[in-house]
Number of protein chains: 2
Amino acid sequence: MDAQPGRSVTSKVLALLDAFTPASPALTLSELARRAELPLPTASRRVAELVAWGALERGDDGRYRIGLRLWEVGSLAPRGLGLRELALPTMEDLYEVTHENVQLAVRQDAELVFIERIAGRHAVPVLTRVGGRFALHATGVGLVLLAYAPAEVHEQVLAAPLERYTPLTVTDPGRLRRTLAEVRRTGYAVSDRQVTMDALSVAAPICGPEGAVVAAISLVVAQHRADPVALAPLVQAAGRTISRSLGTSYGSRRSPG
Amino acid sequence: MDAQPGRSVTSKVLALLDAFTPASPALTLSELARRAELPLPTASRRVAELVAWGALERGDDGRYRIGLRLWEVGSLAPRGLGLRELALPTMEDLYEVTHENVQLAVRQDAELVFIERIAGRHAVPVLTRVGGRFALHATGVGLVLLAYAPAEVHEQVLAAPLERYTPLTVTDPGRLRRTLAEVRRTGYAVSDRQVTMDALSVAAPICGPEGAVVAAISLVVAQHRADPVALAPLVQAAGRTISRSLGTSYGSRRSPG
DNA sequence: GCGCCTATTTCACTCAGTGAAAGGCCGGCG
DNA sequence: CGCCGGCCTTTCACTGAGTGAAATAGGCGC
């Protein structure tokens, strides 16, 4: 991934988009050039084209941000908003019953991506961000997604060192493997203070029309008032409801208008 | 926009992304090539690079879709999810009070883009789509965004013929101009059966820290049970609440973690 | 005015991208 | 089985879009 002159133009354009992260959503041209490992004139030219199309926007402060046009196109991702739109009504139902954080995530390679979150005013604050990534081995949704992932993903996750977020994070591969077997047996996952010491999450799988697990839904609640066993059926029911709506509407024609 | 060989590579890549629309979120390579006005081999090469990066994904049916990675990057757009995340709690409050559709939109040139919608199970169905565009002159959010838009946007909208969606759509430029003045006077907009004959929307502005209108929020309700004058204060209050949270958190540092 | 930083433009060079054609791949059909 | 036809990828020689170095153009402080 070094900046040899022989890089394709496309990869340069994409490297410029890659430069934007949740931690740095606004960048000057020179910052962009450095992060994308491009000479400044080249960055200037590519950025100008991206701005003309609407993929980037130049703010009043002269820094560049991701443009609305790119957000529009990105919202067409079937695993992003497509899934989201089908899941949202059920997530709202779950929120109204519990008034706790409701999260929706999918697996991307050996990480998870949060697709949607309903964060009530009175629920515990959550660290993560919609559109953000996270490791698979600690969160409730992560454990569900990992439990039903293909073997090569298991290998990949279990081979690398498991990052520790709290003293309760499972970092032993053998123990994680047993946890995953338990998740498959019961059909839900509990992550008790494995990400932060004040929260606990209960997650259940969402299956696509072919039966494969395509996403996971979870409730994140304050650890002290949590009863994971009581919450599990609620979350599982929501997961099944969304699975059913996926079965009926996924792949079928979109209603026009 | 013809396909002369002299097009820049960047524009070809972006044309491929442009090929995806809400009406056609999945395309074969040849469809992509045709829509982007590219020779098939060129499209094949560019698409391969986009797939490698994650901007596109190839489904089981062999068709290409927008990839999750592009959705992730797009979600960094400050006018997309950034605004959305600040507005969502207030939108949920408004939904819990009314149990009607709550919408959030921003203006992009002479159109509006829906950023978020809470669509309850029992609310009237809405035609529009999150991530979708719509004309400014018919919807409640559109009237608000247009009312507070710069003069050149007014010119542009009023110069072009105003599309008619229902018999009640305002298509006379003079009448629209008077409507916009009324919106600015009262601080809210009502679109009564101007988009569909069964729905009515009430919208209010959301202001950024500098006082400019950056977005609009609306309630969409069944026309027969609607009392726009009673709903207006609710929507306006929600708009002001979001404006305040924009004032405190926009531009300031994002909390880490 | 002058220095400093950042962004854009110029210019000659050259390699990434190109199209035409050939080559896989797959599924249908006689 | 073999042939066709649609669909995508690869090969190959060519060429112009993209390139870097350097010059140029803003912005800002002093």
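Just so we're clear, the structure is a prediction, and the values are computed from it rather than from any experiment.
Residue B:K12 places no side-chain N or O under 4.0 Å from the OP1 or OP2 atom of D:dA17. For the OP1/OP2 pair of C:dT8 and a distance below 4.0 Å, the side-chain nitrogens and oxygens of A:S44 include at least one atom meeting the criterion. Using a 4.0 Å cut-off, some side-chain N or O of A:S30 falls inside it from OP1 or OP2 of C:dA7. At D:dT19, one or more side-chain N or O atoms of A:R46 fall inside 4.0 Å of OP1 or OP2 (strictly under the cut-off). Between B:T42 and C:dG19, a side-chain N or O to OP1/OP2 separation shorter than 4.0 Å is present.
One atom, CG of A:L38, and another, P of C:dA7, lie 14 Å apart when rounded to the nearest Å. Between the P atom of D:dC8 and the CG atom of B:L16 lies a distance of 13 Å, rounded to the nearest Å. D:dG18 atom P lies 15 Å from atom CZ of A:R7, rounded to whole Å. As rounded to whole Å, 15 Å separates atom C1' of D:dC7 from atom CG of B:L27. Here the P atom of nucleotide C:dG23 and the CG atom of B:L40 are 18 Å apart, to the nearest Å. One atom, CZ of B:R34, and another, P of D:dG6, lie 15 Å apart when rounded to the nearest Å. Taking atom CG of residue A:D61 and atom P of nucleotide D:dC28, one finds them 13 Å apart after rounding to whole Å. One interatomic measurement links the two molecules: CD of B:E49 to C1' of D:dC8, which rounds to 17 Å at whole-angstrom precision.
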**Prompt:** Given A:E111 and A:R133, is the salt bridge (Lys or Arg N to Asp or Glu O under 4.0 Å) satisfied, shown in steps?
**Reply:** CA-CA 6 Å; A:E111 290 182 298; A:R133 292 168 165 271; 2.7 Å; yes
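If you check D:dG20, C:dA7, C:dG17 against the side chain of A:R45, the one that comes closest is D:dG20.
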Kindly list each side-chain donor-acceptor pair under 3.5 angstrom involving residues 14-21 of chain A, sequence neighbours excluded, with atom names and distances?
| from | atom 1 | to | atom 2 | distance (Å) |
| --- | --- | --- | --- | --- |
| A:D18 | OD1 | B:R69 | NH2 | 2.6 |
| A:D18 | OD2 | B:W53 | NE1 | 2.8 |
| A:T21 | OG1 | A:A23 | N | 3.4 |
| A:T21 | OG1 | A:S24 | N | 3.1 |
| A:T21 | OG1 | A:S24 | OG | 2.8 |

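One side chain, B:E49 or A:S8, offers a donor N or O that lies under 3.5 Å from an acceptor on the other.
Using a 4.0 Å cut-off between charged side-chain N and carboxylate O, A:E57 and A:R63 make no salt bridge.
From one end of the helix from C:dG1-D:dC30 to C:dG30-D:dC1 to the other, with five pairs defining each end axis, the axis direction shifts by 30° (rounded to 10°).
Just one residue in the list B:V213, B:I217, B:T90 forms a side-chain contact (heavy atoms from CB on, under 4.5 Å) with B:I206, and that residue is B:I217. The residue from B:V153, B:L158, B:V183 that alone fulfils the side-chain contact (heavy atoms from CB on, under 4.5 Å) condition with B:L146 is B:V153.
For B:Y165, the ring-ring contact (aromatic ring centres under 6.0 Å, His included) partners are B:F134, B:H137, not counting sequence neighbours.
When each of A:P41 and A:V9 is assigned the nucleotide of DNA chain D bearing its nearest heavy atom, the one mapping closer to the 5' terminus is A:V9.
Within 4.0 Å (heavy atoms only), A:P39 reaches sugar-phosphate atoms of the nucleic acid but no base atom.
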